[in-house]
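Only this structure's heavy atoms are used, side chains among them; waters, hydrogens and symmetry mates stay out.
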Number of protein chains: 2
Amino acid sequence: MAVKAAAHPDVEEISLPDVLSALSDPVRVGLVRLLSDGRERGWGELRVPVAKSTLSHHLRVLRAAGITRTRQEGTRCYVALRDADLEVRYPGLLRAVLSGAVAEGVGEQVHEVRDGG
Amino acid sequence: MAVKAAAHPDVEEISLPDVLSALSDPVRVGLVRLLSDGRERGWGELRVPVAKSTLSHHLRVLRAAGITRTRQEGTRCYVALRDADLEVRYPGLLRAVLSGAVAEGVGEQVHEVRDGG
DNA sequence: TTCGACGTTCTACGAACATCGAACAAAGGA
DNA sequence: TCCTTTGTTCGATGTTCGTAGAACGTCGAA
């Protein structure tokens, strides 16, 4: 199914090992970096050097860990960071991870593409 | 060898994915929680519900990730948290992880044992 | 209805991981 | 020297993960 009622854990259900495990993959960290400005992205805007099934897998892991939220609009899906929820659950964690990732260049393989880019 | 020149990465060599991956295991989080008061522990003081080879493995992962430091004294080994190094490398990360772990009870399977306890 | 675009799921595979038991090596004491 | 203690390493096992290709389902347009 192109559009599915993606399972998003409630804030209370987010688990620390799941979050850290999800963030231990450079591709997923790159996605989080891209989304860290708070703007939502369509999946077509994501440029990741993996097959689309693999990207779907990574986005599912992020979603299941409670790190991102997916919204459907017609056939297209949009993904956004759940930064507020994460801040409530793990204050300071996201910022610490992001600044570390930027400093080390983790996730630079993930890029963004403008419409028609 | 009971005593080995354990490989500790330099502060500059610590990698974020390695750190997050190391912290995504509840047993290792429990060890970090135990050490989070800054006190050094002898391995005999660590009560973990795993075989000693498994404990050795977990401590090696933590050491290789740069999270802990191991010191040898005779036949015994002592382990301590590299909290200062981690704070330099990833400011706020350790505290965020620890408070989340405490809130969720992650790593409670790891206990401490006093001499003769 | 037919077609194309989009994302999910299935299946498969190699790599990495957590775990254990057993064998091994080094330091200290009897 | 022999033995105990302590921690490492090896071999084996079952699981999970990252990855990809192929098939499928859904939506919108023609």
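- Atom CD in Q72(B) sits roughly 12 Å away from atom C1' in dT8(D) (whole-Å rounding).
- Within 4.0 Å of H57(B), counting heavy atoms only, lies at least one base atom of the nucleic acid.
- Going from atom CD of E73(A) over to atom C1' of dC6(C) covers 14 Å, rounded to whole Å.
- Distance, W43(A) CH2 to dC27(D) P: 16 Å, rounded to whole Å.
- With sequence neighbours left out, E12(B) forms a salt bridge (Lys or Arg N to Asp or Glu O under 4.0 Å) with R89(B).
- When the side-chain nitrogen and oxygen atoms of R60(B) are compared with OP1 and OP2 of dG7(D), none of them lie within a distance under 4.0 Å.
- You'll find a donor-acceptor pair under 3.5 Å spanning the side chain of S53(B) and the base of dG21(C), going by distance alone.
- Inspection of the Y78(B) and E45(B) side chains reveals no N or O donor paired with an N or O acceptor under 3.5 Å.
- The NZ-C1' distance, from K52(A) to dG18(D), rounds to 18 Å in whole Å.
- Contact between the side-chain N/O atoms of S56(A) and the OP1/OP2 oxygens of dT8(C) is found at a separation under 4.0 Å.
- Residues forming a salt bridge (Lys or Arg N to Asp or Glu O under 4.0 Å) with E108(A) (at least two apart in sequence, or on another chain): none.
- Residue T54(B) places at least one side-chain N or O under 4.0 Å from the OP1 or OP2 atom of dC20(C).
- Using a 4.0 Å cut-off on heavy atoms, none of the residues of residues 14-37 of chain B approach DNA chain D.
- Taking atom OH of residue Y78(B) and atom C1' of nucleotide dT6(D), one finds them 11 Å apart after rounding to whole Å.
- Here R71(B) does not reach the OP1 or OP2 of dG7(D): none of its side-chain N or O atoms lies under 4.0 Å away.
- Following rounding to the nearest Å, R76(A) (CZ) and dG7(C) (P) show an atom-to-atom distance of 8 Å.
- Under the salt bridge (charged side-chain N to carboxylate O under 4.0 Å, His left out) criterion, no residue pair touches residues 48-59 of chain B, with sequence neighbours excluded.
- Residue R33(A) places its CZ atom among more than 12 non-hydrogen atoms of other residues, nucleotides or ligands, all under 6.0 Å distant.
- In terms of the salt bridge (Lys or Arg N to Asp or Glu O under 4.0 Å) criterion, residue partners of R69(A) (sequence neighbours excluded) are, by chain and number, D85(A).
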Tabulate below the donor-acceptor pairs under 3.5 Å that side-chain atoms of residues 18-27 of chain A make, not counting sequence neighbours, or state none.
residue : atom : partner : partner atom : Å
S24(A)  : OG   : S21(A)  : O            : 2.7
D25(A)  : OD1  : V27(A)  : N            : 2.8
D25(A)  : OD1  : R28(A)  : N            : 3.4

